[in-house]
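Order of appearance sets the numbers: ligands from 1, and atoms from 1 within every ligand.
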Amino acid sequence: MEKFDLVIKGGRVWTPGGIVEADIAVYQGKIAALGRSSAFPESLGLIDAKGKVIIPGLIDTHTHHREPGFTHKEDLTTATQAAAAGGVTLSVGMPNVDPPTTTVERYRNVIEISKKKALVDFNHNPSGTNLEEIAKLAQAGCLAFKIFMVRDTGRDYPHMPGIGLHNHGALFRCFEEVAKTGLPLMVHPHDQDLMDVIEQRYWQRGDRSPQAYGKAYRDFDGIIWDTAIATIIRFQKATGVKLHILHMSTPGGLEMVRRAKDEGRPVTSEVNPWALFLASWENVEKLGPYCLGFWVPDEHAEALWQGIKDGTIDVVGTDHAPHTKEEKDVGWKDMWQSPGGEPQIQDYLKLFLTAVNEGKTTLDRVVRLTSYNPARIFGVYPRKGVIQVGSDADLTIVDMKREETISNETTYTRVGWTPYHGRKVKGAPVYTIVRGKVVMQDGKVIGKPGDGEFITPVKG
Ligand SMILES: [Zn+2]
């Protein structure tokens with residue numbers, strides 16, 4: 001090597017052992033050296049990171065890229081532009097596209113589209129509903145499988161037929177087959193039979209408002225979540241599968257995950273930014289369909305922060321789930337006709353950094369939740385998720401002092417809105433670097449479709 005490709009100088013660098021002052025040298029997409037740049041050979045590019053912190057690029061294992069099938073909302077370019085703007089260097093898609101990703105052929109098709117269109121590194125979580133496809137999908141390079149326990153009522157989107165399993169026998173068979181692959185099984189916990197009874201009560205009263213929808217999913221302190229979590233944790237014990245529980249939001253669910261972890265079982269859990277920063281009752285009233293999904297009462301949100309602190313929650317997945325305003329506006333009258341979810345991926349790091357500045361959590365915890373832990377759980381560590389010699393040069397440079405107001409005007413998602421419009425934040429990513437290439441600088445995305453690479457599990 002004659003010259004390094006890039007040197008990032010003068011910043012503070014997150015490592016699992018703590019934050020250190022170090023310069024970072026990049027060569028051919030990898031981290032080539034860490035230390036004093038005065039000892040480095042010359043470099044072609046230089047970034048001055050004085051006053052900034054360099055963290056491993058964010059890994060989002062839960063992005064609804066919407067392609068193929070729903071490109072009026074988002075596609076693999078706009079989704080990964082939003083990812084790059086948000087500090088994300090690896091974005092993993094979800095199977096509720098059209099056609100849903102239930103076979104290896106469909107999975108390969110999504111990967112081929114992603115190769116052409118993604119700006120950041122990528123993979124895709126296929127559905128595990130077709131037992132005979134599971135081994136083939138693992139062979140093809142997926143990082144995990146995704147199961148919804150939801151069957152939509154009154155609509156067939158975003159949880160379309162073919163990707164949901166709420167029958168216990170079928171679900172159990174899926175657990176058995178995924179266990180054989182050694183890959184994690186991500187489950188959206190939901191008790192559909194119970195939900196059928198609960199929501200009927202609201203409908204019989206003629207109440208289909210966003211408030212009713214929020215309350216129905218939270219009735220009896222979130223019973224529809226807790227009974228599902230109890231079931232899948234029991235299935236985990238029987239099958240040994242690596243279980244990753246999505247959308248944590250109830251104190252009861254946290255308790256069950258805590259117990260399973262205490263027993264040393266491979267149970268991990270995910271929280272979404274909406275549960276911590278968006279889904280308060282105040283916002284259910286004010287933003288209606290634009291903040292649902294799910295209402296999370298303040299005391300449940302507090303339990304989630306506690307779960308973050310004590311390690312019950314391992315991962316932040318964005319659940320970036322864009323829908324158009326037209327699709328959302330239907331929900332003011334009938335929330336059961338309007339799809340749940342919002343754009344998240346561009347804003348979540350800013351919200352977490354703001355929480356760090358407010359003393360609600362620590363930068364170390366945020367890095368673990370958004371990069372280090374997902375890299376380890378989903379099998380891409382130490383290629384990703386850490387800044388060390390030999391790892392991919394996936395780097396997000398953050399300015400903890402930068403103050404911004406989040407705005408619809410600067411969103412990259414195709415739908416052109418963010419539920420955080422008007423929110424003041426302190427702390428923001430200022431560079432996103434994917435394998436040594438700058439894809440975002442000062443909030444402007446400069447990466448190109450095709451810059452992203454297909455990332456499969458690290459061998460061994
Ligand atoms: Zn989701």
**Side chains of D196 and Q192, donor plus acceptor under 3.5 Å** =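 There is such a pair between these side chains.
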**Asked** Has the side chain of Q346 got a donor or acceptor atom that lies under 3.5 Å from a matching backbone atom of T410?
**Response**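 Yes; at least one donor-acceptor contact below 3.5 Å.
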**Message:** Looking at V366, is its backbone amide N or carbonyl O close enough to the side chain of T370 to form a donor-acceptor pair, meaning the two atoms are under 3.5 Å apart?
**Reply:**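 Yes; judged by distance alone, with no hydrogens or angles, the pair exists.
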**Geometric class of the F122/F454 ring pair [parallel <30°, tilted 30-60°, perpendicular >60°]** =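 Taking F122 first and then F454, their aromatic rings lie parallel (interplane angle under 30°).
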**Message:** Rounding to 10°, state the angle centred on the Zn ion (ligand 1) that links NE2 in H62 with OD1 in D319.
**Reply:** 90°
**Heteroatom N/O/S of H247 within less than 2.8 Å of the Zn ion (ligand 1)** = no
**Item:** the Zn ion (ligand 1) to nearest N/O/S of H64 below 2.8 Å
**Value:** yes
